[in-house]
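What follows is a set of notes on a single structure, which appears directly below.
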Amino acid sequence: MMSDLVFDKALTPADRIVLETLADHIQNSQSSQDGKAKRRVSSTGCSASSSDSEQMADLSESNVQKLKALNNPKSPDFELSAFSGFELRDLKLPSYIDQFLLQPYIAWASSVVRVKTDVIMLTHLLIYASTSIPSALILFHRFTYFHGFLHLVMQLYYIGAYTLLMHQHIHMRGVLHKRFALIDAIFPYILDPLMGHTWNTYYFHHVKHHHVEGNGPDDLSSTMRYQRDEIWDLLRYIGRFYVLVWFDLPIYFLRKGRPLMALKTFASEASSYAFYYAASRINGRAALFVYILPLMLLRVGLMVGNWGQHAFVDVEQPDSDYRSSITLIDVASNRYCYNDGYHTSHHLNPMRHWRDHPVSFLQQKETYAKEGALVFHNIDYVMITVRLMMKDYETLAKCLVPIGDQVHLSIPDRIDLLKRLTKRFSDGQIREKYPQCFRVKT
């Protein structure tokens with residue numbers, strides 16, 4: 001199955017190391033199965049397969065150390081992230097531009113961000129501040145449909161990366177150095193509405209709700225009650241969030257005995273809608289293109305993405321992070337969206353820094369394999385959802401990077417596995433696996 005692996009030239013260095021490590025393990029396992037590395041007991045009592053296992057363990061540990069070095073500012077191999085489209089090592093600039101522009105910017109930006117690797121986040125914030133904000137102001141001053149359309153396209157291009165920047169922000173309580181805490185606290189209130197987010201709802205829904213429930217039955221974004229390869233189920237899933245999140249989320253917090261959180265959530269949604277209304281009174285067409293359309297499109301995107309993240313859920317252990325979420329090794333998720341592909345790693349530790357996900361994955365690779373976790377490559381969450389709606393399990397099976405016992409599965413076997421994991425949970429199954437959600441409080 002090695003022929004199914006695709007090494008995209010745009011993979012991040014970390015992703016390339018991870019995928020190469022997995023490829024080596026697949027090749028080693030398949031060679032053993034084919035008899036190319038048959039178990040031969042030597043005079044010392046050691047077997048060839050034991051030697052192979054030791055070599056693979058050494059390779060994994062070596063690659064873990066490489067990844068750690070990339071993240072360690074004290075290591076000579078340290079590489080910070082400054083731009084999303086390429087690595088600094090690949091950037092060939094005239095010496096005077098590098099010396100007098102790039103290096104001074106990196107030195108300054110490294111002192112502004114909270115974690116030295118995260119210069120890329122400041123780069124993006126400066127881009128948004130110098131493009132999205134002026135463009136929006138001009139539209140409210142003098143609106144044209146041509147400019148409005150270009151602005152919307154620009155924002156749709158930004159939205160994915162910005163949302164995952166905010167994903168890091170809401171989990172780590174900021175991305176800038178503490179000297180800039182005020183800016184760190186204020187900029188979301190300016191940029192969030194431009195990127196389709198209502199104020200603070202992402203934080204309340206994702207951190208205070210989704211990570212608490214973990215795709216369980218009380219999770220408003222849970223996929224368990226849906227057939228995950230049916231378009232009608234996906235439309236109902238999106239529609240519920242689209243129309244009722246302003247109501248469902250406060251009610252969820254009330255049911256959980258958190259009235260203050262419910263009030264904050266409702267106030268955030270209500271104040272955002274009040275702001276949109278006020279903006280529409282100034283210039284209705286500008287408000288539509290600057291605020292309303294990004295909101296409408298982002299909310300579809302969020303749920304389509306979450307569907308892909310939690311489409312494959314094991315009926316036996318739906319509460320396992322390994323068996324209810326997936327890992328992606330792909331360009332769109334990891335190069336442009338802060339390693340969002342390592343979703344299982346994120347659920348295992350929501351506070352883990354985005355650059356540490358590949359390291360953690362390789363360190364726990366054997367656990368992932370033992371637990372039956374799924375790893376895909378060369379596909380993102382949106383396209384996983386699209387392929388499921390097309391019932392194109394063959395493409396999904398070819399994108400699967402088999403680990404553990406999955407290595408010996410044929411493509412038809414992989415298809416059967418994926419189909420089993422997308423089946424709707426019955427009420428009885430949910431009650432059996434989550435009895436605590438159905439206990440009557442006394």
Side-chain angles (χ1 to χ4, degrees), residues 15 159-161 163-168 170-171 202-203 205-207 209-230 233-238 240-242 245 298-315 317-350 352 354 357-358 360-361 368 371-389 393 395-396 399-401 417-418 421-425:
D15 272 2
I159 275 175
T163 297
L164 273 302
L165 186 156
M166 283 306 301
H167 182 245
Q168 185 73 13
I170 61 179
H171 277 291
Y202 189 28
Y203 168 73
H205 187 280
H206 184 76
V207 176
H209 159 252
H210 176 63
H211 275 285
V212 173
E213 300 299 340
N215 200 55
D218 284 350
D219 189 340
L220 298 175
S221 54
S222 173
T223 57
M224 296 177 67
R225 292 184 171 92
Y226 300 90
Q227 178 64 34
R228 271 95 64 195
D229 60 2
E230 287 292 340
D233 283 64
L234 176 62
L235 292 175
R236 288 194 299 116
Y237 179 75
I238 295 172
R240 176 77 190 228
F241 178 84
Y242 209 82
V245 65
L298 174 70
R299 292 204 160 174
V300 172
L302 287 174
M303 300 315 287
V304 168
N306 193 75
W307 185 276
Q309 290 172 339
H310 297 283
F312 304 101
V313 184
D314 182 21
V315 70
Q317 291 183 274
D319 56 346
S320 166
D321 290 325
Y322 296 102
R323 299 193 180 196
S324 63
S325 59
I326 61 176
T327 299
L328 301 186
I329 304 172
D330 78 299
V331 174
S333 303
N334 298 338
R335 174 169 289 282
Y336 294 101
C337 291
Y338 305 99
N339 282 335
D340 186 44
Y342 292 88
H343 200 63
T344 300
S345 175
H346 175 60
H347 268 275
L348 290 170
N349 182 0
R352 183 175 286 132
W354 66 280
H357 287 308
S360 175
F361 174 79
Y368 276 70
E371 294 292 334
L374 295 183
V375 180
F376 294 87
H377 82 303
N378 201 38
I379 192 169
D380 61 29
Y381 297 118
V382 172
M383 287 310 300
I384 282 180
T385 299
V386 170
R387 291 296 178 182
L388 285 172
M389 294 306 104
Y393 281 96
T395 295
L396 293 171
C399 289
L400 186 71
V401 183
L417 170 65
L418 297 178
L421 298 177
T422 56
K423 289 185 177 180
R424 178 192 290 110
F425 280 68

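No hydrogens, no waters, no symmetry mates; every other heavy atom, side chains included, goes into these values.
- Residue pairs meeting the salt bridge (charged side-chain N to carboxylate O under 4.0 Å, His left out) criterion with at least one member in residues 323-338, sequence neighbours excluded: E87-R335, D314-R323.
- Here CE of M389 is found 5.0 Å from CG of L234. Values are rounded to the nearest 0.5 Å.
- Side chain of N339 to backbone of W354: a donor-acceptor contact under 3.5 angstrom is found.
- Judged by distance alone, the side chains of S360 and Y342 never bring a donor and an acceptor atom under 3.5 Å apart.
- Contact check for T163 versus L302: side-chain heavy atoms found under the 4.5 Å cut-off.
- The main-chain N or O of T422 is never found under 3.5 Å from a side-chain atom of D229 such that the two would form a donor-acceptor pair.
- Distance alone, capped at 3.5 Å, places no donor-acceptor pair between the R387 side chain and the T395 backbone.
- Crowding of R240 atom CZ: a count of heavy atoms from other residues, nucleotides or ligands under 6.0 Å not exceeding 12.
- Rounding to the nearest 0.5 Å places CE of M224 at 8.5 Å from CG of D319.
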> Does the pair N334 and H357 meet the rule for a side-chain contact (heavy atoms from CB on, under 4.5 Å), with working shown?
Replying inline: CA-CA 10 Å; N334 298 338; H357 287 308; over 6 Å; no
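- Remark: side-chain polar atoms of H377 are paired, donor with acceptor, to backbone N or O of C399 under 3.5 angstrom.
- The shortest distance between side-chain heavy atoms of L165 and Y338 falls below 4.5 Å.
- With respect to F312, the ring pair (Phe, Tyr, Trp, His ring centres under 6.0 Å) criterion is satisfied by exactly one of Y381, F376, W307: F376.
- When side chains are defined from C-beta on, Y322 counts as touching L348, because their heavy atoms get closer than 4.5 Å.
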> Should L388 and I384 be marked as a side-chain contact (heavy atoms from CB on, under 4.5 Å) after you check the CA-CA gap, both sets of side-chain angles, and the distance that decides it?
Replying inline: CA-CA 6 Å; L388 285 172; I384 282 180; 4.1 Å; yes
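- At least one donor-acceptor pair closer than 3.5 Å links the side chain of N215 to the backbone N or O of T223.
- A donor-acceptor pair is defined here as one N or O able to donate and one able to accept, closer than 3.5 Å; such a pair exists between the side chain of D233 and the backbone of Q227.
- In this structure a side-chain-to-backbone donor-acceptor pair under 3.5 Å is present from R225 to P217.
- A side-chain donor-acceptor contact under 3.5 Å links H209 to the backbone of L220.
- A donor-acceptor pair is defined here as one N or O able to donate and one able to accept, closer than 3.5 Å; no such pair exists between the side chain of D219 and the backbone of E213.
- Residue H210 forms a ring pair (Phe, Tyr, Trp, His ring centres under 6.0 Å) with just one option from H167, H347, H346, and that option is H347.
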